[in-house]
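As the structure lists them, so they are numbered: ligands from 1, and atoms in each ligand from 1. Values below: every heavy atom of this structure, side chains too, minus hydrogens, waters and symmetry copies.
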Amino acid sequence: MKKILLLGLLFVILAVKSEVIKVETADLAMVFTVNQEKKVVYQYFGEKQNDYSGFEKRIFPRRPDTRTDFSPELYPAYGHRSYQEPALQATHYDGVLTTQLLYAGHEIRSIDSNTTETVIRLKDAVYPFFVDVVFSAYQKENVISQRTVISHNEQGTVALGIISSAYLPLHNQVYYLTHFHGTWAAEMQLKEEQLQPGIKKIESKKGVRTTQSENPSFLIAFDHPAMEEEGEVYGGSLAWSGNYCLAFELDETGMLNILSGVNPFISTYKLKGNERFETPEMIWTYSRSGKGAVSRNFHDWSRKYALRAGNSLRPIVLNSWEGAYFTFDEKVITGMIDDAAKFGIELFVLDDGWFGNRYPRNNDNAGLGDWQVNIWKLPRGIDYLAFYAHQRGMKFGIWIEPEMVNPESDLARLHPEWIVKSGTREILTLRNQWLLDLTNPVVQDFVYQTFVDVMALSKYIDYIKWDANRHVENVGSDFLSGDCQSHFWIDYTKGLYSVYERVRARFPDVMIQLCSSGGGRLDFGALRYHNEFWASDNTNPYNRVFIQYGTNHFFPAMATGAHVSTSPNHQTGVTSPIKFRFDVAMSGRLGMELQPGDIAGEDRIFARQAVENYKKIRSVVQLGDLYRIHSPYSEEAWATLAYVSKDKKESVLFAYSLKPHERTKYLEIKLKGLDASKKYKLVELNAFNGHSSFDGNENVFTGEFLMKTGIYLNINRQYDSAVIWIKEDEVPVHDSYATERL
Ligand code: DGJ
């Protein structure tokens, strides 16, 4: 009895004193407190502090018309004195629409030397309805992921209308939102705007290929547009490949309420008593020193936690698509492989068009779903080609699009019940194809088995390009019951992830490219199963400078498939020099996508050398830190960026001229991220036919000089470009050159 009384007393003491819960990385902290009403207050997300006692006594302004204050909740549910967009809306088993979440405990545990997990448990004040908010804090990378787990013991089903992954309240005067808008062949175009009162939403309702027109990643900068090296910037990215919604509500108090998660659009999820609903993860980071640091945090984190084999270098690819499209036979492909070998290519990828017999895949009208080798095109099968590539010192990859089916296929005739459709309505095609219903476990088995069967075509297959070229229209599933059709959007993506899981369990080491008409499925949810992604079907280098600039705000260069294609470019008709094409592709994961035999004369000599040069700088590009120096969106239309190795012994500078500049103008570049005390030798790579863009070639400068004074480059004509390799050197600094010329 005494014990119970003592425990009770202790509880009262704890309840009166606001408890502080911290989620910390090496430099960042999220802070929450539990107030006397057992509400979990979202206090702070920013730089770590030394003393958190202020949060115990922090008093928020009082709301004028209620007895509450303006303190934001950790996870605001609809129904309890909240007028903003809620993180959660649940209709309880008896039809009650509201929820009031109160603190029910929390736990912090260490996952490994770099990761801690914090679970804050919430419970409804009346119903046996539970919400766990789970944070994983990655110390070194300064990244915090957040997700929510929902469960209940109510007497019937609970209908989840809104189920966010995370809520973040920020309080400042002025907020700038950077987001990434686009379309096919123009993905990840950076847009930045000052947020105004009201709600700005970024979302996808496409179900599949959800990042083609907007990416679920954003930046918020305080007071002014986001700068590279200065100012407070928050970065967020939702790890989810299905419909998503990011809402930025600037409310009447000046608070910016950010919600992120699956899109509630016709997605009510009915949760039975024995089920748990786990939201996707929201990935957060923050910096007081600009968006450059935010990007580097995302890159470091994803190389370690959201990318397969994120610490090993990627091979240089020749992909057959733009060089052959559907029109090839064995001779064409072996010819490409022979030529690729001469250029020093390390991986050959056979793209679309290799399968289908009754319905041969000779164009995009037919064959999807029938994953048998086309015997007319490739009579000796894939094994012959894969072995052929291996004999020439190259790895071999092959294209699949296993979630899709053409009406003209054996599969469509055999399994009409596997096709996504709205009851008896006409099934609309997009790129002449239909979508398979991955909510159905049998279809998941088929997609998994397709992967297994394709891998079985040869033991020399090292790489799979997984494509997806349509989105969802006329949604519906023959598998889901009538009252659960709204589960489609979530269950499709969960079905896809379950296939990815099985594929990875069976093939942990095969390289897989995440492709979806280019950057149509670019998110950390899918990326973690893949080694790289195809950033865009647009291979025109001018457009690529913008696409890769946007993409690399979140996703690392090592995973950014960037290919040199022919000129004039197939997507845009634009002509550009081979040097520009290589210089742009070399700032990502270099590849080629053309008929290599068509590269002739001086271009051929250049291309061979450029591939060799990439091998010299690849580790810096792929594993180093990215510093954006000049934005391609600047009026001057010079774009520059550099990678710096972690030990700061090397850096590679890429510079592009995106418009014709006056003859008297010249581009000055102050390098970033170097060690001021080191001496670096600067070597121009990819100088075309001996023409140099850099007058200081082969000279040595201090890091301090390069960062404070900088260098200039002669790249004035449209599509001029330069690649400068900056390497630590013991050679004495060439001071006279520095003072005379710079
Ligand atoms: C779209 C991809 O993005 C292209 O690279 C290519 O694989 C085609 N599909 C093939 O159909």
Side-chain angles (χ1 to χ4, degrees), residues 182-188 206 208-213 241 317-328 332-333 336 347-356 359-371 374 377 396-406 408-409 429-435 450-451 454 463-471 511-523 526-527 530-540 543-544 547-548 551 555 559-566 569-572 585 588-595:
T183 181
W184 175 78
E187 299 81 359
M188 294 298 281
K206 290 184 164 173
V208 170
R209 228 173 39 168
T210 50
T211 66
Q212 197 173 62
S213 38
S241 312
V317 173
L318 176 76
N319 189 65
S320 71
W321 181 238
E322 285 196 34
Y325 292 109
F326 296 105
T327 316
F328 58 81
V332 169
I333 298 302
M336 284 177 105
L347 165 67
F348 177 83
V349 180
L350 176 61
D351 210 285
D352 199 352
W354 58 267
F355 50 91
Y359 302 98
R361 182 79 171 162
N362 293 330
N363 52 47
D364 61 21
N365 282 333
L368 280 178
D370 300 348
W371 298 103
N374 181 292
K377 283 182 180 172
F396 183 85
I398 191 163
W399 179 96
I400 56 173
E401 193 180 3
E403 297 155 73
M404 306 288 167
V405 60
N406 281 121
E408 295 296 301
S409 67
T429 55
L430 213 160
R431 205 197 188 204
N432 303 310
Q433 65 200 50
W434 290 330
L435 181 66
T450 299
F451 196 103
V454 170
Y463 175 107
I464 297 280
K465 174 175 176 175
W466 183 311
D467 207 346
N469 288 299
R470 71 157 294 161
H471 49 261
M511 291 175 273
I512 310 181
Q513 186 191 71
L514 176 61
C515 176
S516 187
S517 317
R521 192 180 262 162
L522 180 51
D523 60 78
L527 193 59
H530 297 78
N531 299 63
E532 61 171 34
F533 57 90
W534 179 224
S536 175
D537 271 354
N538 190 339
T539 54
N540 185 40
N543 304 97
R544 270 299 183 131
I547 293 168
Q548 291 169 197
T551 299
F555 307 101
T560 310
H563 294 178
V564 173
S565 61
T566 196
N569 179 267
H570 288 184
Q571 294 81 36
T572 60
R589 193 280 285 133
L590 174 68
M592 288 178 19
E593 181 141 346
L594 38 61
Q595 186 46 265

(request) Please identify which atoms of ligand 1 are closer than 4.0 Å to at least one heavy atom of Ser517. (result) 1 (C), 3 (O)
(request) Pick one of side chain, backbone, both or neither for how Arg431 approaches ligand 1, counting any non-hydrogen atom pair under 4.0 Å. (result) side chain
(message) So for ligand 1, is Lys465 a polar contact partner (N or O within less than 3.5 Å, distance only)?
(response) yes
(request) Please confirm whether Asn319 comes within less than 3.5 Å of ligand 1 when only nitrogen or oxygen atoms on both sides are compared. (result) no
(request) Please work out whether any backbone atom (N, CA, C, O) or any side-chain heavy atom from C-beta onward of Cys515 is under 4.0 Å from ligand 1, and answer side chain, backbone, both or neither. (result) side chain
(message) So for ligand 1, is Phe326 a polar contact partner (N or O within less than 3.5 Å, distance only)?
(response) no
(request) Considering only non-hydrogen protein atoms, determine which one is nearest to atom 9 (N) of ligand 1 and report residue, atom name and distance to 0.1 Å. (result) Asp467 OD2, 2.6 Å
(message) Just to check, does Gln433 reach to within less than 4.0 Å of ligand 1 when the distance is taken from its heavy atoms?
(response) no
(request) Distance to 0.1 Å, residue and atom name: give those for the protein heavy atom nearest to atom 11 (O) of ligand 1. (result) Asp352 OD2, 2.6 Å
(message) To check your reading of the model: name the closest protein heavy atom to atom 6 (C) of ligand 1, its residue, and the distance in Å.
(response) Asp351 OD1, 3.4 Å
(request) State which residues pass side-chain hydrogen bond (donor to acceptor under 3.5 Å, both in side chains) with Asn432; sequence neighbours excluded, sorted by chain then number. (result) Asp364, Asn365
(message) At less than 4.0 angstrom from any non-hydrogen atom of Trp534, what atoms of ligand 1 do you find?
(response) 3 (O), 5 (O)
(request) Applying ring-ring contact (aromatic ring centres under 6.0 Å, His included), name anything that partners Phe326, two or more places apart in sequence or on another chain. (result) Trp321
(message) Minimum distance, heavy atoms only, to atom 4 (C) of ligand 1: which one of Asp537, Leu368, Asn469, Asp364 is it?
(response) Asp537
(message) Among Trp466, Phe355, Tyr463, exactly one meets side-chain contact (heavy atoms from CB on, under 4.5 Å) together with Trp399. Which residue is that?
(response) Phe355
(request) Output the list of atoms in ligand 1 that are nearer than 4.0 Å to some heavy atom of Gly518, sorted by atom number. (result) 3 (O)
